[in-house]
A.B. asks: 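Would you mind keeping the following structure in view while I ask a few things?
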Amino acid sequence: MASDSNMDREMILADFQACTGIDNIAEAITLLELNNWDLLAAINGVIPQENGILQSNFSSEATQTAPYGPHNQPEATAPMPSAPPSSASASASATASSSSSPPSSSTPAFCPVQPSRQIVERQSRMLNFHVEYRQRSIEVVLEEASTVGDIKTILETELQVPVSKMQLKGWKSGDVSDSTVLRSLHLPKNNSLYVLTPDIAPSASTSQSSSAQQGLSNQNYLLVISHREAQRDYSLNFPASKTIQEVKRNVSDLTNIPVRHQQWDGWPASASDDSRKLLAIYLHNDESVLSNVFCSQMMCADSIVSYLSQNFITWAWDVTKEANKARLLTMCTRHFGSVVAQTIRTYKTDQFPLLLIVMGKRTSNEVLNVIQGNTTVDELMMRLMGAMEIFTAQQQEDIKDEDEREARELVKREQDEAYRLSLEADRKKREAQEREEAEQVRQEQIRKEQEEEREAIRLSLEQALPPEPKEEGAEPISKLRIRTPSGEFLERRFLGSCKLQVLFDFVASKGYPSDEFKLLTTFPRRNITQIDPAWSLLEAKLFPQETLFLEAKE
């Protein structure tokens, strides 16, 4: 199933192969790219004429279907792949598409063109949009020269919803702006879109219906969805007919998180969005005598229709025309792989119709079964059931592999977390050690600075002391003996008229400052450091001699 944005190029590729007979898709694409996907120029490059312009005799039928022609002839509408049918009954209607298929290689694809080699301008295509909004469906038809904003303007009139409150989703090329021209999106003729209005609550009438069954299916549910990584909540209204897969797609539009990467919790235990199914591709060919019988008796049997609807995604394609077959092979190669395309090439016309059962296996696809038109209902059912058994077994194997992979990932995550925690613990331990070492250095620096300051003060006091008087002098002399906390004695003579401050400075010059140590007499016990420093030794009764001792202050 080709993407919508590439549909025009696939049509050009099919027409180019039909006109030139080039079966090699890669070669055809290369030639078209060399001519900037100008179909006429590419064909003239492969089939040059005398005047450099493609010449051909044109039948009346070819004139009606040619995509280019003189006098602004409208562009022909090439067949587009229909949406995958939900049941096998849709597969049987594939014959209807044969009438709208592009011309085969035997039919001329172009009108005669004047030697000026000027491509005639095409008329603007009309695009159909099927837009869903809650319980309503609106059909919008616009020229491809219109913009996305033009669609919203029409919807505003129909839905009575302001354009500013409207989010138009479903574009294959991602988010688009209101000014985007539809032609630039390379859209197919038929498109499906849907409108989101998160800021507008649904009216009460939307959940009512004429019967209980319809009322249940039309009921709206308010889902409060928490996006934990972005720390944001969304309040969205969904009808009961919406599936979990559709809810996830809508949330993907809001959060830009792909569906396959979303991890949800909070759903009921019975809820499941498991949409993995086998793909059944029905290939129809009008030239096969078995087509009518296969469609009417096999694909319309109730048992076959029911089984296909429940277990398969069924898609149909008409390969009667060679151009249609070329487009199919291109799409299969691109989306399913070369194995599926090569399988289709091996079957001849009289072996059609075919029902291919395709299964996705990890990153590739494989053809489980090819059911030809010459089968019976019972045989068809048996082969479908056999494919389902293989698919179920493969699913179980994939689930087992996925569980094992998740278990390995869990172990790896746990190991990585343990390693991270170990590194974190080592880092914290190292930082704590560095802080401790830095604190020790800082304390050592403070201690050294304090010692240097004390030493400077001590030297200053020592230099400022008056000289020690001699024993035999005219003035009275006091001889003091001071015991230090370490048991040593400091002895010195002072004049009786000397102030106590000189005594305190002498003691401080020996490393015992008065703010840390107190000077005491033996008996009676007195604290000399509490006496006024301006007193003399005689006034303090420290004459003619006295024994003192130093004691650290608490």
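All values derive from a computational prediction rather than experimental measurement. When reading the values below, keep in mind they use all heavy atoms of this one structure, side chains included, and skip hydrogens, waters and symmetry mates.
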A.B. asks: Taking the side chain as every heavy atom from C-beta outward, state whether Leu355 and Phe312 have any pair of such atoms under 4.5 Å apart.
C.D. replies: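 Heavy-atom side-chain distance check fails, nothing below 4.5 Å.
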A.B. asks: Between atom CD of Glu322 and atom CG of Leu328, what is the distance when rounded to the nearest 0.5 Å?
C.D. replies: 11.5 Å
A.B. asks: Quick check: do Asn311 and Phe391 have side-chain heavy atoms less than 4.5 Å from each other?
C.D. replies: no
A.B. asks: Closest approach of Leu32 and Ala42, non-hydrogen atoms and distance?
C.D. replies: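 Residues Leu32 and Ala42, closest heavy atoms: CD2-CB, 3.7 Å.
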A.B. asks: Determine whether more than 12 heavy atoms belonging to other residues, nucleotides or ligands lie under 6.0 Å from atom CG of Asp416.
C.D. replies: yes
A.B. asks: So, taking the atom named OG in Ser338 and the one named CD1 in Ile25, what distance separates them when rounded to the nearest 0.5 Å?
C.D. replies: 10.5 Å
A.B. asks: Is the backbone of Asn285 close enough, under 3.5 Å, to the side chain of Ser291 for a donor and an acceptor to pair up by distance?
C.D. replies: yes
A.B. asks: Looking only at side-chain N and O atoms, does Ser306 offer a donor or acceptor that is under 3.5 Å from a partner on Ser309?
C.D. replies: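 No donor-acceptor contact under 3.5 Å links the two side chains.
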A.B. asks: Under the criterion side chain to side chain contact (heavy atoms under 4.5 Å, CB included), which of Asn191, Leu155, Asp150 is the partner of Val140?
C.D. replies: Leu155
A.B. asks: Dump the intermediate steps for side-chain contact (heavy atoms from CB on, under 4.5 Å) on Met381 and Ile304, then the final yes or no.
C.D. replies: CA-CA 7 Å; Met381 178 60 74; Ile304 300 298; 3.7 Å; yes
A.B. asks: Looking at every non-hydrogen atom in both residues, tell me the closest pair between Asn365 and His335 and how far apart they are.
C.D. replies: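 That closest heavy-atom pairing would be ND2-O, 3.9 Å.
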A.B. asks: Does any non-hydrogen side-chain atom of Leu127 lie less than 4.5 Å from one of Val141?
C.D. replies: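 Sidechains of Leu127 and Val141: no contact.
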A.B. asks: Taking atom CE of Met166 and atom CG of Leu168, what is their separation to the nearest 0.5 Å?
C.D. replies: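 It is 7.5 Å, given to the nearest 0.5 Å.
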A.B. asks: Working to the nearest 0.5 angstrom, can you tell me the gap between Lys152 NZ and Gln167 CD?
C.D. replies: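 The NZ atom of Lys152 sits 7.5 Å away from the CD atom of Gln167.
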A.B. asks: Check whether Arg383 reaches the backbone of Val370 with its side chain - one donor and one acceptor, N or O, closer than 3.5 Å.
C.D. replies: yes
A.B. asks: Determine yes or no for a side-chain-to-main-chain donor-acceptor pair under 3.5 angstrom, with Thr180 supplying the side chain and Ser177 the backbone.
C.D. replies: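 The answer is yes, because a donor-acceptor pair under 3.5 Å joins these two groups.
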A.B. asks: To the nearest 0.5 angstrom, please state how far the CG atom of Asn128 sits from the CE atom of Met126.
C.D. replies: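 Separation between the atoms: 8.0 Å.
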A.B. asks: Does a side-chain heavy-atom distance below 4.5 Å link Leu283 with Pro353?
C.D. replies: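 No; the side chains remain at least 4.5 Å from each other.
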A.B. asks: Within this structure, what is the CZ-NZ distance for the pair Phe129 and Lys189, rounded to the nearest 0.5 Å?
C.D. replies: 10.5 Å
A.B. asks: Any carboxylate oxygen within less than 4.0 angstrom of a Lys/Arg side-chain nitrogen, looking at Arg405 and Asp401?
C.D. replies: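 No, this pair does not count.
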A.B. asks: Let me see the working for Tyr133 and Val131 under side-chain contact (heavy atoms from CB on, under 4.5 Å), right down to the final yes or no.
C.D. replies: CA-CA 7 Å; Tyr133 175 64; Val131 184; 5.6 Å; no
A.B. asks: Looking only at heavy atoms, which two atoms of Ile344 and Cys332 are closest? And how far apart?
C.D. replies: CD1-SG, 3.9 Å
A.B. asks: For Lys248, is there any backbone N or O sitting under 3.5 Å from a side-chain donor or acceptor partner on Ser252?
C.D. replies: no
A.B. asks: Considering non-hydrogen atoms only, spot the tightest contact between Thr375 and Met298 and give its length.
C.D. replies: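 So the two residues come closest at O-CE, 2.7 Å.
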A.B. asks: For residues Leu182 and Ser146, determine if any side-chain heavy atom of one lies less than 4.5 Å from a side-chain heavy atom of the other.
C.D. replies: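 Yes, their side chains come closer than 4.5 Å.
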A.B. asks: Give me the one residue out of Thr376, Leu384, Val377 that meets side chain to side chain contact (heavy atoms under 4.5 Å, CB included) with Leu380.
C.D. replies: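 So, applying the side chain to side chain contact (heavy atoms under 4.5 Å, CB included) to Leu380 and each of Thr376, Leu384, Val377, only Leu384 qualifies.
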A.B. asks: Answer yes or no: is there a side-chain heavy-atom contact under 4.5 Å between Leu193 and Val195?
C.D. replies: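 No, too far: nothing below the 4.5 Å cut-off.
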A.B. asks: Using a 3.5 Å distance criterion without hydrogens, assess whether the side chain of Asn250 forms a donor-acceptor pair with backbone atoms of Val247.
C.D. replies: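 No; zero donor-acceptor contacts below 3.5 Å.
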A.B. asks: Is any side-chain heavy atom of Leu223 closer than 4.5 Å to a side-chain heavy atom of Tyr234?
C.D. replies: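 When only atoms from C-beta onward are counted, Tyr234 and Leu223 do not touch, as no gap falls below 4.5 Å.
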A.B. asks: Whether the side chain of Gln342 engages the backbone of Val339 through a donor-acceptor N/O pair (distance < 3.5 Å, no angle test) should be reported.
C.D. replies: no
A.B. asks: May I ask you to decide if Ile22's main-chain N or O and Gln17's side chain share a donor-acceptor pair within less than 3.5 Å?
C.D. replies: yes
A.B. asks: Can a donor-acceptor pair be found, under 3.5 Å and without considering hydrogens, that links the side chain of Ser137 to the backbone of Glu132?
C.D. replies: no
A.B. asks: A side-chain contact here means heavy atoms from C-beta on lying under 4.5 Å apart; do Leu279 and Ile313 qualify?
C.D. replies: yes
A.B. asks: Are more than 12 heavy atoms, taken from residues, nucleotides or ligands other than Glu402, located less than 6.0 Å from that residue's CD atom?
C.D. replies: yes
A.B. asks: Would Thr320 and Asp318 count as a side-chain hydrogen bond (donor to acceptor under 3.5 Å, both in side chains) here? Give the steps.
C.D. replies: CA-CA 6 Å; Thr320 304; Asp318 191 336; 2.6 Å; yes
